[in-house]
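Below is one structure, written out as structure tokens; comments come after it.
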Amino acid sequence: MGREVSESCVDSLLTEMVSTYSNRFYANKPDLAAHSIEAIGYQVGLQLSERYTMDRSRFGDHLEAIKFICKDFWSELFKKQIDNLKTNHRGTFVLQDTRFRWLSRMSIEPSENGDVPHNNPEAVTENKSTQVTRMHLNFPCGIIRGALSNLGIPCAVSADITNLPACSFVVRIKIGARVKIICKGSNDAHCTFQDIWWELEGNVKKLIMHLLCFGFESLALHLQVKIGIKTALYSLKKIKNNVILISEFGKRQSLEEISSV
Amino acid sequence: MAPVAPRSGDAIFASVDRVNAELFTLTYGAIVRQLLTDLEEVEEVNKQLDQMGYNIGIRLVDEFLAKSNVSSCVDFKETAEVIAKVGFKMFLGVTASVTNWDADGTCCSIVLEDNPLVDFVELPDNCQGLYYCNILSGVIRGALEMVSMKTEITWARDMLRGDDAFELQVKLIKQVPEEYPYKDDE
């Protein structure tokens with residue numbers, strides 16, 4: 001067991017960090033506060049993940065990496081594992097901690113506007129303590145995003161606190177569509193298979209159209225495609241000789257529980 | 001009932017919930033880094049770290065008093081010893097020592113040879129004016145203010161600047177007599 005500090009050190013530091021950003025620096029700009037708090041978490045996640053995976057072999061797929069976050073990574077931080085993991089097999093994972101330590105130690109004050117009419121739930125404004133809780137959660141969301149990013153998995157992470165003190169972290173990996181690319185007429189004449197990192201189906205269609213219009217020459221482009229749509233399209237415009245055929249893999253929408261976690 | 005005996009720093013540290021120090025160290029590092037990005041000026045970062053520490057100190061003192069059973073210290077000398085031996089130990093798991101007392105007992109140094117805040121830390125060249133651990137001086141200043149001691153705290157030695165230890169010079173400015181915080185009719 002390595003060095004330890006009292007838990008109140010971490011709690012005090014986090015509380016003060018959130019309060020500094022959301023009450024002092026950016027009191028009227030919650031988006032900027034959230035962004036900085038998330039960035040701090042990202043940095044922490046990146047470095048922790050680097051340390052905890054030093055002696056490990058690479059993860060075979062996304063699920064393996066996510067399971068690492070749920071088990072080893074979470075245990076290092078909170079001395080317990082994630083309680084429940086779900087996925088839709090299309091890059092979305094829901095990690096639920098039924099008693100998230102950083103929330104259970106925060107005092108959740110009763111709602112100040114308890115007399116809001118119940119017949120119009122849309123009009124219910126979030127009370128102050130929910131806002132504070134959400135602001136705090138930018139930090140662990142950043143940690144998860146940083147940890148996965150260190151494992152080569154770019155993603156977006158958000159938190160759902162509809163069942164306090166349970167907290168669900170929703171991880172959306174940027175792999176909305178798996179695209180199969182077949183190059184014709186190039187030197188590698190038959191089949192190349194590659195995951196394309198792109199999130200939105202609309203953009204995938206756009207990408208397909210551009211690929212059909214301009215074609216591409218070699219596998220080198222795959223790397224450029226991974227960078228993102230703008231860079232990819234820019235590169236594609238330069239290449240015009242080959243024809244490409246693309247088909248999208250079937251999708252499964254519902255979340256399926258992964259029992260082995 | 002006989003007064004409860006004060007507890008040693010080791011005993012308290014052994015009994016509190018503890019977490020892996022990497023999380024704490026890296027989080028602090030990430031905060032300093034983000035402050036440098038957001039505030040740009042090293043001087044301003046020093047100031048904000050001190051302010052954050054102060055805010056933490058004024059809250060942390062309650063936990064300190066509750067867990068340590070320390071009764072009022074007779075003088076500033078005893079206070080400094082309690083901070084070094086009990087305060088540092090129960091929160092950070094390390095012990096500091098108190099030296100360099102001046103003749104009238106109002107100024108001393110708290111020396112820290114082992115400091116979890118700076119594990120894995122190296123300052124880049126453009127941060128040379130940074131007092132990386134400035135949050136610590138803020139915490140002590142804040143906590144002491146809550147027990148009616150107004151102090152001024154400066155860094156005399158800093159391992160990140162090549163010194164052999166961390167040394168905080170603590171100067172007692174004035175001791176405010178304690179007041180009962182509530183009016184009679186409340």
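Treat the numbers as computed from the prediction; the structure is a model and nothing was measured. A note on names: the letters A, B, ... follow the listed sequences, proteins ahead of strands, and every chain is numbered from 1.
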| field | A:Arg145 to A:Phe169 six-membered ring, cation-pi geometry met (6.0 Å, 45°) | value | no
| Relative to chain A, which segment of B:Ile31 carries a heavy atom at a distance below 4.5 Å: side chain, backbone, both, or neither? | both
| message | So does B:Leu130 get a backbone contact from the side chain of B:Arg161, meaning a donor-acceptor N/O pair under 3.5 Å? | response | yes
| Structural part of A:Tyr42 lying under 4.5 Å from a heavy atom of chain B | neither
| field | Interchain contact, B:Leu39 with chain A, by part (heavy-atom threshold 4.5 Å) | value | side chain
| request: Using the six-membered ring wherever Trp is involved, compare the ring planes of A:Tyr52 and A:Phe73 and label them parallel, tilted or perpendicular (cut-offs 30° and 60°). | output: perpendicular
| message | Side chains of A:Tyr21 and B:Asp38: any donor to acceptor distance under 3.5 Å? | response | yes
| note | Honestly, the part of B:Tyr28 sitting under 4.5 Å from a heavy atom of chain A is both
| field | Heavy-atom contact with chain B under 4.5 Å, split by part of A:Leu46 | value | neither
| query | In terms of heavy-atom pairs under 4.5 Å, which option from B:Leu60, B:Val16, B:Asn55 contacts chain A the most? | reply | B:Asn55
| For residues A:Thr98 and A:Asp83, is any side-chain donor paired with an opposing acceptor at under 3.5 Å? | yes
| chain A contact via B:Val94 - side chain, backbone, both or neither, heavy atoms under 4.5 Å | side chain
| query | Taking atom types as modelled, is there a side-chain donor on B:Glu167 or B:Asn100 under 3.5 Å from an acceptor on the other? | reply | yes
| Region of A:Ser12 that comes under 4.5 Å of a non-hydrogen atom in chain B | both
| task | Look at A:Glu16, A:Met17, A:Gln47 and state which one has the largest set of heavy-atom pairs under 4.5 Å with chain B. | result | A:Glu16
| field | Test item: A:Asn88 side-chain N/O and A:Thr92 main-chain N/O as donor-acceptor pair under 3.5 Å | value | yes
| message | I'd like to know if A:Arg3 pairs up with B:Asp114 as an ion pair, taking the criterion as any Lys NZ or Arg NE/NH1/NH2 lying under 4.0 Å from an Asp or Glu carboxylate oxygen. | response | yes
| query | Which atoms of B:Phe13 come close to chain A, meaning under 4.5 Å heavy atom to heavy atom: side chain ones, backbone ones, both, or neither? | reply | side chain
| note | The interface call for B:Glu63 against chain A, heavy-atom contacts under 4.5 Å, is side chain
